[in-house]
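The structure appears below as structure tokens.
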Amino acid sequence: MVRLQKDLGFQSFLQLAKGLGRRPVTGVTVQMETPVIYFHSATALRAKVTVGFEGGTISQWFPERSGGQILPEPPRSADGKPPPPDAWLFDFSPPRRGQIEWDVEVLSPAESRAAVIFKPSDSVNWLRARIPEANVVRSASGELENYLFYRGIGNFPPGLRLTVSADETLHAENRTPEKIPYLLVFERRGGVVLWHAAAGIDSGGSLQIPESALVGTASGKFPEEIYRSIRDALAATGLLQSEADAMVQTWWTSYFETEGLRVFWILPRTETDRILPLAISPAPEKVVRVLVGRSEILRPAKEAELLELAARQGNDAAPWLQLVATDRFGSAFRHRVEALKSAQTARP
């Protein structure tokens, strides 16, 4: 949960909040990170695009949208003062349905090559997502980009249930109506990189991956075999290789160079269309879509470590407080520790 500053005024808050911005939230179980839409057209055209989000709300986007969901705002008090920060709290526990719309010009290939989309403040992730084959898009305000970008947050079951048993075996159960075509288990532990790729899991099926099944890579070296595995799996869905490369490269620093155990899987196309319904006018000749799920997993040994850390008192409690306050999964760690404590208390 991101807290608002106590002195943040009403107007300044609205200016900062593109989408949710710093608005505090609760009940979030899913983060939708950096989806992009590429156009491949031989001619210039004007396109209207609508993307829904079943179970969540779209919180960020670029270029500027032409319409979409607007979250309710708390009313001002009778004396005209802005609402207190806690009044902005938005709960995702009830079912949510987000939406975003764009009305953009899709430049011709020649115009796209001539366009300047460089922005001095760009992070490496925006650069990696751009591919030369895609048309440049221009919003009504003149913003240029190589794609339409959006992200969001929500609350819904992702479709793949993952657990780790006491013997450190990872159990994966496909709860989607179709086959999951690819699954990658990745773990970075103290600088050691381990991984395992699976061809898929049938609907209703399960997969057991013992810790011994994870293959190690040379310490300190770029794990090219992992890169190729997930890149090739994405390309097999119909993406251009440049698009698949862009996806993996955009994720690389955050997901493959940080400690932890995580699982990546490609969702069935029907699930992608259900979660993110897409409408484009004029209708394209072909639409290729791929949605990749990612789950962060805590092994029993890691849970024991967190329990010990959370039990510390006084000055020794500082590492736990800092972890909860600053780690991207700090809130999830806290909730998991609370659940483990409750389970321990409930035991006879």
Side-chain angles (χ1 to χ4, degrees), residues 1-3 24-33 56 86 89-93 153-175 183-196 206-217 219 251 253-265 293-348:
M1 180 183 296
V2 180
R3 293 290 183 185
V25 297
T26 187
V28 173
T29 61
V30 172
Q31 295 184 10
M32 178 175 66
E33 300 186 3
D86 288 347
L89 183 69
F90 193 75
D91 187 5
F92 280 86
S93 299
I153 54 179
N155 183 322
F156 57 89
L160 181 67
R161 185 174 186 270
L162 294 157
T163 57
V164 181
S165 52
D167 64 356
E168 298 290 359
T169 296
L170 177 69
H171 303 267
E173 181 185 351
N174 180 3
R175 295 187 171 184
L183 180 144
L184 172 73
V185 180
F186 174 88
E187 184 169 18
R188 182 178 285 271
R189 189 193 311 165
V192 176
V193 174
L194 304 166
W195 70 294
H196 176 85
S206 61
L207 189 66
Q208 287 72 46
I209 305 171
E211 191 175 15
S212 59
L214 301 185
V215 178
T217 65
S219 180
W251 304 331
T253 301
S254 296
Y255 305 155
F256 293 97
E257 293 185 355
T258 55
E259 294 282 306
L261 170 65
R262 51 193 61 96
V263 176
F264 302 85
W265 75 97
R294 185 190 97 250
S295 291
E296 300 286 330
I297 313 296
L298 295 177
R299 289 192 178 277
K302 183 64 177 181
E303 292 180 336
E305 178 186 323
L306 292 175
L307 278 169
E308 187 278 327
L309 203 61
R312 296 181 185 179
Q313 302 293 320
N315 292 336
D316 293 336
W320 169 248
L321 297 176
Q322 182 177 10
L323 180 71
V324 170
T326 62
D327 193 278
R328 65 187 300 184
F329 299 112
S331 178
F333 292 155
R334 177 173 56 81
H335 284 294
R336 181 56 180 160
V337 165
E338 291 172 355
L340 290 169
K341 287 181 178 178
S342 296
Q344 288 177 344
T345 304
R347 289 175 191 153

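Distance CG/Leu340 to CG/Leu306: 8.5 Å, rounded to 0.5 Å. How far CD of Glu211 is from CG of Leu214: 6.5 Å, rounded to the nearest 0.5 Å. Considering CG of Asp316 and CG of Leu321, their distance stands at 11.0 Å, rounded to 0.5 Å. Rounding to the nearest 0.5 Å gives a distance of 10.0 Å between CZ of Arg188 and CG of Leu194. If you take OG1 on Thr29 and CG on Asn155, they are separated by 3.5 Å, rounding to the nearest 0.5 Å.
Contact between Ala172 and Leu160 at its shortest, heavy atoms only, is CB-CD1, 4.1 Å. Residue Arg262 comes nearest to Glu259 through the heavy atom pair NH2-O, 2.9 Å, listed as atom of the first residue, atom of the second, then distance. For the residue pair Gly27 and Ser93, the shortest heavy atom distance occurs at CA-OG, 3.8 Å. When all heavy atoms of Ser165 and Pro300 are compared, the pair lying nearest together is O-CG, 3.6 Å. In terms of heavy-atom proximity, Leu307 sits nearest to Gln344 at CD1-NE2, 3.6 Å. Of all non-hydrogen atoms in Val30 and Phe156, the two that sit nearest each other are CG2-O, 3.4 Å.
Ala325 meets the side-chain contact (heavy atoms from CB on, under 4.5 Å) test with no other residue; sequence neighbours excluded. Every residue two or more places apart in sequence or in another chain that forms a side-chain contact (heavy atoms from CB on, under 4.5 Å) with Ala310 is listed here: Trp320, Val337, Lys341. Residues passing the side-chain contact (heavy atoms from CB on, under 4.5 Å) test with Ser295 are Leu162, Trp265, Ile297, sequence neighbours excluded. Under the side-chain contact (heavy atoms from CB on, under 4.5 Å) criterion, Gln31 pairs with Glu33, Ile153, not counting sequence neighbours.
At least one side-chain heavy atom of Phe333 sits less than 4.5 Å from a side-chain heavy atom of Leu298. Under the 4.5 Å side-chain criterion, counting only non-hydrogen atoms from C-beta, Leu183 is in contact with Ile209. Between Phe186 and Val193, the closest side-chain pair of non-hydrogen atoms falls below 4.5 Å. Between Asp86 and Pro24, every side-chain heavy-atom pair lies at or beyond the 4.5 Å cut-off. For the pair Leu170 and His196, the minimum side-chain heavy-atom distance is 4.5 Å or more.
Side-chain atoms of His171 and Ser206 form no donor-acceptor pair, as typed in the model, at a separation below 3.5 Å. No hydrogens or angles considered: a donor-acceptor pair under 3.5 Å links the side chains of Tyr255 and Arg294.
Annotation: salt bridge (Lys or Arg N to Asp or Glu O under 4.0 Å) contacts involving residues 154-171, sequence neighbours excluded, comprise Glu168-Arg299. Counting only residues at least two apart or on different chains, the salt bridge (Lys or Arg N to Asp or Glu O under 4.0 Å) pairs with a member in residues 300-310 are Lys302-Glu305, Glu303-Arg336, Glu308-Arg312.
Heavy-atom neighbours of Gln322 CD from other residues, nucleotides or ligands within 6.0 Å: at or below the threshold of 12.
Note: Phe256 and Phe264 have parallel aromatic rings, judged against thresholds of 30 and 60 degrees for the angle between ring planes.
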